[in-house]
Amino acid sequence: AKSETDRPICLFDEEMGRINRNKMQLVHDLRRALENDEFELVYQLQNRLETLAPEGFEVLLRWNHPTRGRVSPEEFIPVAEETGLVRDIGAWVLREACREAAQWDYPYSVAVNVAPQQLVQPSFLENVMDNLFETGLLPQRLELEITEASIIHDQAHTLKVMHKLKALGIRIAMDDFGTGYSSLSMLQTFPFDKIKIDRSFIQDVHKNPQRAAIVRSTLLLGDALDIPVLAEGVESEDELIFLREENCTSSQGYYFGLPMAREDMRRITCKPIDD
Ligand code: C2E
Ligand code: CA
Ligand code: CA
Ligand code: CA
């Protein structure tokens, strides 16, 4: 007969089994998502704080799963990284983003997230150059967003790749600044063109003295190093006012707009067609 103490173990196993099955299903579905054309890109506005004029758009990946509906990148990007699928998915994102941006009438920049495994691929640089050549997008309009995690694996190699990208005219932004282990030393060693302050520091920055101090210091740092700073995740007018007063360069967040589908975004990026 079963004793009381057997039950938690039994429940635990079932729970683990369920989690593993869900994960395996996700991996299975993710493998097919590219060929089934289930991915879509959305675009979020980035603007200058001084004038509030648009300066570019960050490209964000969306997965329209056939039965589950939209699956968040917070859920599937980590799985794509674990399985290596992020390389093919990332290559698709980069190609589509360049293709789209090349069709805009206004020369806004397009910012693309690059996963650690993409950056260390020997073919990465060539892929980027092929994309620019094939789509006609000027390298000056492409910005790559990388995180600390992309750098720590092979710093020497990453540094070389970054210099080559920059020599082409491509800009590189440090994403999620402040959340890693060594954001400061990363800034010292790597030639970043932009610092993106993570949104965890921006939320309620106007009424949280700790966050305010961190954001102010980052802005001073950016100023001293001559690197523009973008604040991520601006959701309120109070946050916006704080950032403007502290001379933050640019911003992005729900206050200015949710990520937009291509059709909506074209109203901003393309001239109206007269007939
Ligand atoms: P991230 O690169 O830090 O992207 C910013 C995330 O913050 C996006 O979430 C965006 O929708 C969200 N966001 C923007 N403004 C606000 C705001 O005002 N408030 C709040 N609460 N959130 C805001 P999303 O699209 O769910 O993406 C999550 C993460 O998934 C991204 O974080 C990025 O790390 C990853 N990701 C998304 N697309 C790609 C991609 O194409 N490639 C790779 N490698 N990773 C991607
Ligand atoms: Ca990003
Ligand atoms: Ca970010
Ligand atoms: Ca983030």
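The structure displayed is predicted, hence computed values, not measured ones. In each ligand, atom 1 is the first atom listed, and ligand 1 is the first ligand listed.
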With heavy atoms only and a cut-off of under 4.0 Å, state how Val234 meets ligand 1: side chain, backbone, both or neither. backbone

Using a strict cut-off of 4.0 Å, indicate which atoms of ligand 1 neighbour a heavy atom of Gln44. 14 (C), 15 (N)

Taking a cutoff of less than 4.0 Å between a non-hydrogen atom of the residue and any ligand atom, is Glu232 in contact with ligand 1? yes

Does any N or O of ligand 1 fall below 3.5 Å from an N or O anywhere on Asn113, backbone included? yes

Determine whether any heavy atom of Gly90 lies closer than 4.0 Å to an atom of ligand 1. no

Presence of N, O or S from Glu58 under 3.0 Å of the Ca ion (ligand 2): yes

Give the atom numbers and elements of ligand 1 that come within less than 4.0 Å of a heavy atom of Val93. 41 (O)

Polar proximity ligand 1 side, Val114 side, N/O cut 3.5 Å exclusive: no

If I take the Ca ion (ligand 3) as the centre, what angle separates the OD1 atom of Asp175 from the OE2 atom of Glu232? Nearest 10 degrees is fine. 100°

Mark up the atoms of ligand 1 that fall under 4.0 Å of a heavy atom belonging to Ala115, in ascending order. 44 (N)

Specify the closest pair of heavy atoms between Leu125 and Val161, including all atoms of both residues, with the distance to one decimal. CD1-O, 4.2 Å

Taking both backbone and side-chain atoms into account, decide whether Asn113 has an N/O/S atom under 3.0 Å from the Ca ion (ligand 2). yes

Using a strict 4.0 Å cut-off to heavy atoms of Asp175, name the atoms of ligand 1 that fall inside it. 2 (O)

Please could you name the atoms of ligand 1 that Glu74 approaches to less than 4.0 Å, counting only its heavy atoms? 28 (C)

Quick check: does Glu145 put an N/O/S atom under 3.0 Å from the Ca ion (ligand 2)? yes

